[in-house]
> 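Sharing a structure, written as structure tokens. Questions coming.
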Amino acid sequence: VDQPLVPKQFHLGMFEIGRPLGKGKFGRVYLARERTTGFICALKVLYKSELQQGSGVEKQVRREIEIQSNLRHPNILKLYGHFHDSKRIFLILEYAGKGELYKHLRRENRFPEWKAAQYTAQMASALRYLHRKHVIHRDIKPENILVGIHGEIKISDFGWSVHAPNNRRKTLCGTLDYLPPEMIRSGSKDNWYDEKVDLWSLGVLIYEFLVGEAPFEDTPVMTHRRIARADMTIPEWVSKEARDLIQKLLVLDPQKRLPLEDVQNHPWIIKHCVKGERAANREKPLK
Ligand SMILES: Cc1nn(C)cc1-c1nc2c(-c3cnn(Cc4cccc(C(=O)N5CCN(C)CC5)c4)c3)c(Cl)cnc2[nH]1
């Protein structure tokens, strides 16, 4: 079993703290090593004082812990456990050997089609796993994806995930770019939505992988309007297969978005993700 034998109770003294790995709005992450086993992990430290500002972040952290600790998938960052002291909450997270995906994307500007297709296949596999557990991530974007030592991606940050279906108002902090039309439609009480919101975000993610910017990137007002109309242009140098997949995900009607199993069998994915000998001379794609 790939899970190290971990005790139920953790405390800070069990870890040697290494270099800071990064920081986000609500916390910092350090490289850490569990003393007795030498197990390397990432320790995310959140200050209770910062959480208690009633911005509902405490609830998000609780949800992140509750949801992420029960997930086990190669493309989802593991949460091994958590503990707290008087001032801080600590999340013991899987260490992703190649860091934050958005930094790779910014550095490379955009990904070649084969890399974007392989990341898309891994995202589709992770999202199928989440949706089978009726978990909607709701915040799929490059900033919430890490890269493992073998170049595989790991969805992290379940602070916004919820159990489907849901109509929780999402306080719109951060970018609108990835939000589907049904989540930005304000006012109507019945803006119920389901896991299909992650399909829209997957379409935005593929576009950003290939083009280097989000499809509806604009001023907030214009982004809002362009999302509501699915008003985007795909550059002519994007392959027709990739264009076809993006257009089948960025569909206003959630029910008409391409299901994840069809994403995994899409020609663009098959063309770039068939293992082993050259895709050309293989009849059936590997499952
Ligand atoms: C860096 C690095 N270089 N190398 C070679 C490896 C790494 C590395 N980093 C991690 C990290 C890591 C570190 N910082 N971050 C970013 C970060 C840190 C703390 C909090 C946040 C945060 O608040 N988030 C909420 C908002 N969304 C958008 C975002 C989340 C976000 C993640 C983790 Cl969790 C696990 N393994 C890692 N490996």
Side-chain angles (χ1 to χ4, degrees), residues 2-4 10 15-34 39-53 55-69 71-84 88-108 122-123 126 130 136-162 170-179 183 197-198 201-202 204-205 208 214 217:
D2 67 340
Q3 295 299 329
F10 298 96
F15 299 93
E16 282 171 283
I17 307 301
R19 75 176 181 92
L21 291 172
K23 63 181 182 334
K25 251 189 332 263
F26 303 106
R28 293 169 180 275
V29 174
Y30 298 88
L31 189 58
R33 178 169 47 206
E34 204 275 326
F39 188 73
I40 295 291
C41 57
L43 204 57
K44 186 167 176 178
V45 186
L46 302 145
Y47 283 88
K48 290 180 182 177
S49 53
E50 282 177 14
L51 302 183
Q52 262 133 20
Q53 275 142 15
S55 54
V57 183
E58 203 169 338
K59 218 174 34 261
Q60 265 184 273
V61 172
R62 226 185 293 282
R63 203 164 38 227
E64 180 175 358
I65 294 173
E66 177 226 320
I67 288 179
Q68 203 170 348
S69 3
L71 301 175
R72 199 143 289 157
H73 185 281
N75 300 115
I76 294 175
L77 197 77
K78 286 181 184 60
L79 172 61
Y80 296 113
H82 63 283
F83 57 94
H84 63 95
R88 297 164 292 187
I89 297 172
F90 299 87
L91 305 186
I92 308 164
L93 292 161
E94 176 181 1
Y95 171 67
K98 289 190 173 157
E100 298 178 85
L101 180 70
Y102 85 92
K103 290 183 181 171
H104 294 266
L105 183 54
R106 295 289 170 268
R107 194 180 316 125
E108 299 171 38
Q122 293 167 31
M123 284 301 292
L130 284 179
I136 323 176
H137 188 280
R138 291 201 315 172
D139 206 8
I140 297 296
K141 56 186 174 185
E143 292 78 357
N144 286 340
I145 299 172
L146 293 161
V147 186
I149 196 67
H150 303 299
E152 74 283 17
I153 54 173
K154 300 204 176 251
I155 302 180
S156 68
D157 186 27
F158 283 77
W160 281 109
S161 51
V162 286
K170 175 178 176 122
T171 47
L172 299 186
C173 56
T175 170
L176 279 170
D177 281 328
Y178 278 74
L179 290 183
M183 279 185 74
V197 298
D198 288 338
S201 304
L202 180 60
V204 177
L205 189 70
E208 182 160 0
E217 209 160 294

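Keep in mind that the numbers below use all heavy atoms, side chains included, and drop hydrogens, waters and symmetry copies. Ligands are counted one by one from 1 in listed order, and the atoms in each one are counted from 1 as well.
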> Return the set of residues passing salt bridge (charged side-chain N to carboxylate O under 4.0 Å, His left out) with R28 (not counting sequence neighbours), or none when no residue passes.
none
> How would you list, by chain and number, every residue that makes a salt bridge (charged side-chain N to carboxylate O under 4.0 Å, His left out) with E66, sequence neighbours excluded?
none
> Which of parallel (below 30°), tilted (30 to 60°) and perpendicular (above 60°) describes F90 and F83?
parallel
> Can you list, by chain and residue number, every protein residue with a non-hydrogen atom closer than 4.0 Å to ligand 1?
R19, L21, G22, K23, G24, K25, F26, G27, V29, A42, K44, L93, E94, Y95, A96, G97, G99, E100, K141, E143, N144, L146, D157
> Quick one: does K154's side chain get under 4.5 Å of I76's, heavy atoms only?
no
> Among residues at least two apart in sequence or on other chains, which ones pass salt bridge (charged side-chain N to carboxylate O under 4.0 Å, His left out) with K44?
E64
> Can you confirm whether the side chains of H104 and K98 place a donor and an acceptor under 3.5 Å from each other?
no
